[in-house]
Each structure stands twice: as structure tokens, then as C-alpha cells.
Amino acid sequence: MIIALNNKCHLTKEEFFLYQSNIKNLHLKGTKLVLIPSALHISSFSSSKISLGSQNVSSHEMGPYTGEISAKQLKSYHVDYCLVGHYERRLMFSETNREINRKIKNLIKEDIVPILCIGETKEEKENHLTRDVLLKEIKEAVAELSKEEVEKIIIAYEPIWSIGTGVIPSGEEIKRHIDCIKNVYPNNKVLYGGSVNLDNVEKLTLDNIVDGYLIGGLSLHLDKIQLLIDKIEK
Ligand code: PGA
């Protein structure tokens with residue numbers, strides 16, 4: 001099981017120092033933990049048991065791109081994973097599938113695992129478009145990649161209407177959508193993200209639906225993350 005903790009735009013320098021010493025005390029019995037902090041904290045984190053991820057990467061390679069961070073720079077700070085196409089970036093920063101495709105290519109070139117986020121809006125769900133939306137987002141994100149390259153990507157299914165809302169799809173719905181992704185991409189790991197919490201994680205895990213979770217809000221509460229890991233590893 002993979003658990004990816006997306007801290008989003010939270011934690012000051014002092015708060016992160018405390019957070020990083022606490023996260024190293026988590027007890028893990030086989031769970032792969034990936035910490036995805038704000039970019040400012042990447043250089044100060046190192047751990048032999050927790051992997052490091054980035055929340056974003058430039059669609060450009062190194063060069064005159066003020067404010068950007070390239071895949072090569074991330075690699076030099078031992079970043080092994082990177083979120084791509086998170087809905088907050090698609091929505092608030094107008095990230096397109098074309099840009100996402102360029103980011104994935106840059107990451108794969110540097111041997112960083114892209115965690116490609118996909119998901120449908122509430123309206124798309126109500127119009128029974130989820131399957132089409134998910135497969136289109138993946139197809140455009142992996143354009144011009146070889147089969148071997150595509151298989152390196154971790155796909156994170158995050159229904160947009162579920163992120164940060166406390167509402168999640170039923171286990172059957174999640175299974176149906178993940179099955180439809182796995183039908184086309186059988187060798188890719190698929191995570192679920194969107195309001196994962198202590199009340200729903202057991203059900204999702206027992207049903208053996210997913211390869212792991214992408215966790216936002218709860219990632220800031222390490223006591224709860226320990227309980228969540230314990231439930232998953234039970
Ligand atoms: P959430 O966020 O766990 O707070 O719903 C998930 C995400 O944004 O990846």
C-alpha cells in the first residue's frame with residue numbers, strides 16, 4: 001500500500017520542522033509513505049524510510065522560466081514522486097492535459113514517478129460521464145509515451161466533488177471506476193484520493209479496491225495518519 005501525504009500550501013518553516021521530526025516517528029510495517037510537502041520544505045527533508053514527493057513541476061526543462069522548478073532540480077533534491085494534474089492546479093492555475101503531458105515527460109526523463117491525478121466533477125458524475133472523463137484525461141496525459149513509460153505512472157483517482165468535502169463515492173462506485181482504469185491500464189498502480197479519513201479507510205482497504213491513498217487535509221494530523229496506517233496494516 002502506498003500512502004501519499006499532500007500537505008498542499010500549509011506549514012511554515014517552524015511548523016514543518018516539528019512536523020518532519022514527528023513524521024519520522026510513525027510506525028510503518030510495509031506501507032510505502034510518500035511525503036509531498038510545500039516546495040520550500042523539500043530541501044530540508046531527508047529520511048531513509050519515507051519517500052519525498054513534489055506537488056508540482058515545470059512543464060519546461062531548466063532555463064529562463066522565472067518561478068519554475070524543473071524535474072532535474074527536483075531530482076537533485078532526491079525527489080522520487082511528483083503530483084501532476086491535481087484538480088486544484090487544473091482549476092485554479094488552468095493546467096491543461098497538454099501541459100500535464102509535458103510535465104510527465106520531463107519527470108520520466110529524470111526517473112521521478114508521476115502521480116497523475118484525474119477525476120470527474122459532480123455534474124459529469126450526474127451525467128454518467130465519469131468513465132469517459134477519466135480515460136480521456138489519462139489518454140491525453142500519456143500521449144506519445146511508450147507502454148513502458150506509461151506503466152511507470154501512478155494514477156490517482158480523485159473525484160473532484162470529493163476533495164476536501166467529506167463526501168466520498170460508495171465502495172462499489174470507486175471499484176467500478178478503478179476497474180475501468182485498470183481494464184485499459186492493467187499494470188498501473190491506482191490510488192484513491194478525496195476525503196479519505198479514519199471512518200472510511202477500513203472499508204476501502206478491506207474491499208481491496210486500491211493500491212493506496214492520496215491524502216490531503218488529514219496529512220497535517222500525524223496522530224490520525226498513524227491510526228490510519230494501523231487500520232490499513234491490520
Ligand atoms: P483531501 O484532499 O484528502 O483533503 O480531500 C485530497 C487531495 O487534494 O489530494
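First listed ligand is number 1; within each ligand, the first listed atom is number 1.
- Near His86, the atoms of ligand 1 lying under 4.0 angstrom from a non-hydrogen atom of the residue are 7 (C), 8 (O), 9 (O).
- For Arg102, the side-chain contact (heavy atoms from CB on, under 4.5 Å) test picks out Ser59, Arg98, Glu99, with sequence neighbours left out.
- A salt bridge (charged side-chain N to carboxylate O under 4.0 Å, His left out) with Lys122 holds for exactly one of Glu126, Glu120, Glu124; it is Glu126.
- Under the 6.0 Å distance and 45° angle rule, Arg90 does not count as a cation-pi partner of Tyr87.
- Given atom 4 (O) of ligand 1, the protein heavy atom at minimum distance is Gly217 N, 2.8 Å.
- Residue Gly164 places at least one N or O, backbone or side chain, under 3.5 Å from an N or O of ligand 1.
- For the pair Gly194 and ligand 1, a heavy-atom separation below 4.0 Å is found.
- Open room surrounds NZ on Lys136; 12 or fewer heavy atoms of other groups in view lie less than 6.0 Å from it.
- Backbone and side-chain nitrogen or oxygen atoms of Thr165 are examined, and none is located within less than 3.5 angstrom of a nitrogen or oxygen of ligand 1.
- Counting atoms of ligand 1 from 1 in the listed order, those under 4.0 Å from a heavy atom of Ser195 are 1 (P), 3 (O), 5 (O).
- The atoms of ligand 1 that sit less than 4.0 Å from any heavy atom of Leu214 are 9 (O).
- What sits closest to atom 9 (O) of ligand 1 on the protein, heavy atoms only, is Glu158 OE2, 2.6 Å.
- Of the protein's non-hydrogen atoms, Gly216 N, 2.9 Å is the one closest to atom 3 (O) of ligand 1.
- Ring orientation note: the planes of Phe16 and His41 are close to parallel, at an angle under 30° on the 30°/60° scale.
- Ligand 1 has no atom lying under 4.0 Å from any heavy atom of Leu218.
- Sorted by first and then second residue, the side chain to side chain donor-acceptor pair (under 3.5 Å) pairs with a member in residues 17-28 read Asn7-Tyr19; sequence neighbours excluded.
- For Ser70 (side chain) and Glu61 (main-chain N/O), no donor-acceptor pair under 3.5 Å exists by modelled atom type.
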